[in-house]
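By convention in this document, chain letters (A, B, ...) are assigned in the order of the sequence lines, proteins followed by strands, and residues within each chain are numbered from 1.
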There are 2 protein chains.
Amino acid sequence: MSQPPTPRPTAPTLQEVARAAGVSRSTVSRVVTGSPRVSAEARRAVEEAVARLGYVPNRAARSLATRRTGTIALVVREPESRVFDEPFFAGIVRAVSSAVARTELQLVLLLAAADPQLDPDGSRERDRIERYLTGGHADGALLLSLHGDDPLPQRLHAHGVPVVLGGRPIDDQLPVSWVDVDNLGGAELATTHLLAGGRRHVGALAGPPDMVAARDRLTGFRRARAAAGLPEAPTLEAVGDFTREGGARAMRTLLAREPDLDGVVAASDLAAVGALQALAAVGRRVPEDVAVVGFDDSLVAASAQPPLTTVRQPIDQMGGRLVELLCARLAGESAPRHVVLPTELVVRHST
Amino acid sequence: MSQPPTPRPTAPTLQEVARAAGVSRSTVSRVVTGSPRVSAEARRAVEEAVARLGYVPNRAARSLATRRTGTIALVVREPESRVFDEPFFAGIVRAVSSAVARTELQLVLLLAAADPQLDPDGSRERDRIERYLTGGHADGALLLSLHGDDPLPQRLHAHGVPVVLGGRPIDDQLPVSWVDVDNLGGAELATTHLLAGGRRHVGALAGPPDMVAARDRLTGFRRARAAAGLPEAPTLEAVGDFTREGGARAMRTLLAREPDLDGVVAASDLAAVGALQALAAVGRRVPEDVAVVGFDDSLVAASAQPPLTTVRQPIDQMGGRLVELLCARLAGESAPRHVVLPTELVVRHST
DNA sequence: TTGAAAGCGCTAACAC
DNA sequence: GTGTTAGCGCTTTCAA
């Protein structure tokens, strides 16, 4: 690991503060860490010296001594460079950040992949994240947007790094805890809403099959149909992804296959917007001819033309629970292994 | 700083690898850091032991010894919890992340503010970021979205933390380097485009006055008008912000003041979309009655109804230059102090 | 080429 | 209450 040369101008150390305050290092340490076993007098002297010298504890040294870093990592494991195009990530990052701010911990956000060009199989990036975490730079990690059979949670667990997953893993044998939203229930709600509105030929724009959330939403769609007494209909399901392009593509597929289509449940709001565009391109009106329901309750759903009915995920809650679970693990307290949070339908137009 | 109790299961140390390989710690260290002064034989033995034991260097220890962390921070200094609603941030985070991936460094993303409720004056959060950075957890920092007279760059500089700013600071005396896009030129281009298209009453939806980018864009608007021989017209400028709501609000203000308005240059794409909604609400057609130009070339501009002409910022370049400048500083190499990158107009409809 | 030894700055027993 | 004393795991002279 080649390191650039220039060192930092030396910052004041505990030692120097001790000398300035006329006490020992231990006393300074006690004051700085907030121990009560210090005389008021000593404390005052130390505090004065700290302020005067502009002392800030060196984290590396503290971390080396305590074997803790006071830091947790939020890892967004998104190999396509689309991380923040997804409104969902934006929300969860904010929610987690906000929850962490209420603790003594510091949050670092690790983006898993940057340029797939450079690193087609993701292995180098995988190693980076893994090395960073196993190298002891964080006390624990929140893992988001796991795809397929990503070995990261397994490996971190093997290394003893506490981990909580945002979203249920594909392999439900994994010995890690997770928090998820009720994707299945949400999609069921959305589909039922369309069916109850009198739509006869409701299809699904499915997300990437290697992601659990996408699969759960598709399952919800199927259940709602079944519950309404409708037969299985694979031709009403088109695979896309969570992006606008993916949604548009799936929409075109569906339109070609099912001329009678009068409603679709999309994998995400972005996909729903893509569907809107695909429909406009062939002159189908929304919602008169075809109703479209999104998933995420993001800004794009609210500002779409027409505004989209969509499924709201309790993102703030999710962020809170993720942090809560990880903190409990770090503190050695018991906590639920799995948490599923309810979703709800946000109705924006009457179809 | 109260730390939770549970320690990590102990990971293998250099010491243990040395014993397993039958060499000294120094030799292991040399192999691990890639020093050439090691016999092939010793190297092989060490590599084997490293692999077998699953050894990963402890960063805190290494950092303590080298006084470097191998990490740089990207600080998004956004006090409103709206960080990732802004497509610009999403883009820049991605671009920086991608540029850092090409180096040996690791990127950590620090979100400056989470819950303004908790911390009305931002001081606690400010201290966090500052403590983290001055505590030696990163070798340098990229600072984004500075507002007003944020003392952070000054303070970090005083502490000897290398800093590069994304966006020109208000105080141009600040002894730090920065990378910015040509906001002024972009806004000028956009305004001129409208004027050249025959629009007579072109207004501006300005951004927050405490942000340089917003001010520069407003200046660009004024210059374009002046260049077209038009007089100053304060009533054609309404202050909003970069959000959709801000844009809608400013649009309504302008409409109330200037019934003849036939074009607006918005502070951002989001603001432009807000303007679209405000216009639709009063039955004005876009672009027939009023033309709207955005700023950012984000997804929302492309998918708006109608698709919006907008100003493209070279975000990938900006990310690359930011990282480049910081790396140069870290390596003690010389580099330009300030960089301004060109913007361009993306024309989406003929007005 | 290799090893021994001295820290890097801090915390945490343990005595006083 | 306060100071003394060991380390935490690694890098890096300095000798050999």
Do you know the tightest heavy-atom contact between [X] and [Y]?
| X | Y | answer |
| --- | --- | --- |
| A:L109 | A:V76 | CD2-CG2, 4.3 Å |
| B:P175 | B:Q154 | CD-OE1, 4.1 Å |
| B:P169 | B:W178 | CD-CD1, 3.3 Å |

If you find the nucleotide of DNA chain C closest to B:A65 and the one closest to B:T27, which residue's nucleotide is nearer the 5' end?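 With B:A65 and B:T27 compared, the 5'-side residue is B:T27.
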
Between B:G22 and B:A61, name the one whose nearest nucleotide on DNA chain C is closer to the 5' end.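 Looking at the nearest nucleotide for each, B:G22 comes out on the 5' side.
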
Salt bridge or not for B:E48 and B:R52, using N-O below 4.0 Å?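 Counted as a salt bridge, because a side-chain N and a carboxylate O are separated by less than 4.0 Å.
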
Strictly below 4.0 Å, N to O, side chains only: are B:R321 and B:E324 in salt-bridge contact?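 Salt bridge present between B:R321 and B:E324.
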
How many Å lie between [atom1] on [X] and [atom2] on [N], as a whole number?
| X | N | atom1 | atom2 | answer |
| --- | --- | --- | --- | --- |
| A:N58 | C:dG7 | CG | P | 18 Å |
| A:L14 | D:dT4 | CG | C1' | 15 Å |
| A:L64 | D:dG7 | CG | C1' | 9 Å |
| A:Q15 | D:dT4 | CD | P | 10 Å |
| B:R67 | C:dG7 | CZ | P | 14 Å |
| B:R19 | D:dC10 | CZ | P | 13 Å |
| B:R25 | C:dT2 | CZ | C1' | 14 Å |
| A:H137 | D:dC10 | NE2 | P | 14 Å |

For D:dC10, does either OP1 or OP2 sit under 4.0 Å from a side-chain N or O belonging to B:T66?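 Looking at the OP1 and OP2 atoms of D:dC10, neither is under 4.0 Å from any side-chain N or O of B:T66.
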
Hey, does the side-chain of A:R59 have a donor or acceptor N/O within less than 3.5 Å of a partner on the base of C:dG9?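 Check fails, no donor-acceptor contact within cut-off.
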
For a quick check, tell me whether the side chain of A:S26 and the base of D:dT4 share a donor-acceptor pair closer than 3.5 Å.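 Under the 3.5 Å cut-off, the side chain and the base do form a donor-acceptor pair.
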
Partner of B:L74 under side chain to side chain contact (heavy atoms under 4.5 Å, CB included), chosen from B:L322, B:L144, B:V100: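 Output: one option passes, namely B:L144.
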
Describe the nucleic acid contact of A:T13 in one word from base, sugar-phosphate, nothing, applying a heavy-atom distance below 4.0 Å.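 Answer is sugar-phosphate: A:T13 comes under 4.0 Å of backbone atoms only.
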
Would you indicate what B:S29 reaches in the nucleic acid, counting non-hydrogen atoms under 4.0 angstrom: base, sugar-phosphate, or nothing?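 Base contact - B:S29 has a heavy atom under 4.0 Å of at least one base atom.
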
Could you measure the distance from the CG atom of A:L156 to the CD atom of A:E130? Nearest 0.5 Å is fine.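 A:L156 atom CG to A:E130 atom CD measures 6.0 Å (nearest 0.5 Å).
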
Calculate, to the nearest 0.5 Å, the distance between atoms CZ and OG belonging to A:R30 and A:S39 respectively.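 Rounded to the nearest 0.5 Å, the CZ-OG separation comes to 10.5 Å.
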
Between the side chain of A:S98 and the main-chain N/O of A:R94, is any donor-acceptor distance below 3.5 Å?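 The answer is no, because no donor-acceptor pair under 3.5 Å joins these two groups.
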
Are the side chain of A:D180 and the backbone N or O of A:R168 linked by a donor-acceptor pair below 3.5 Å?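 Present.
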
Just report the end-to-end axis angle for the helix from C:dT1-D:dA16 to C:dC16-D:dG1, five pairs per end, to 10 degrees.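 Between the axes fitted at each end of the helix from C:dT1-D:dA16 to C:dC16-D:dG1 lies an angle of 30°.
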
Neighbours of DNA chain D within residues 37-44 of chain B, by heavy-atom distance under 4.0 Å: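 None - not one residue of the stretch has a heavy atom sitting under 4.0 Å from the strand.
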
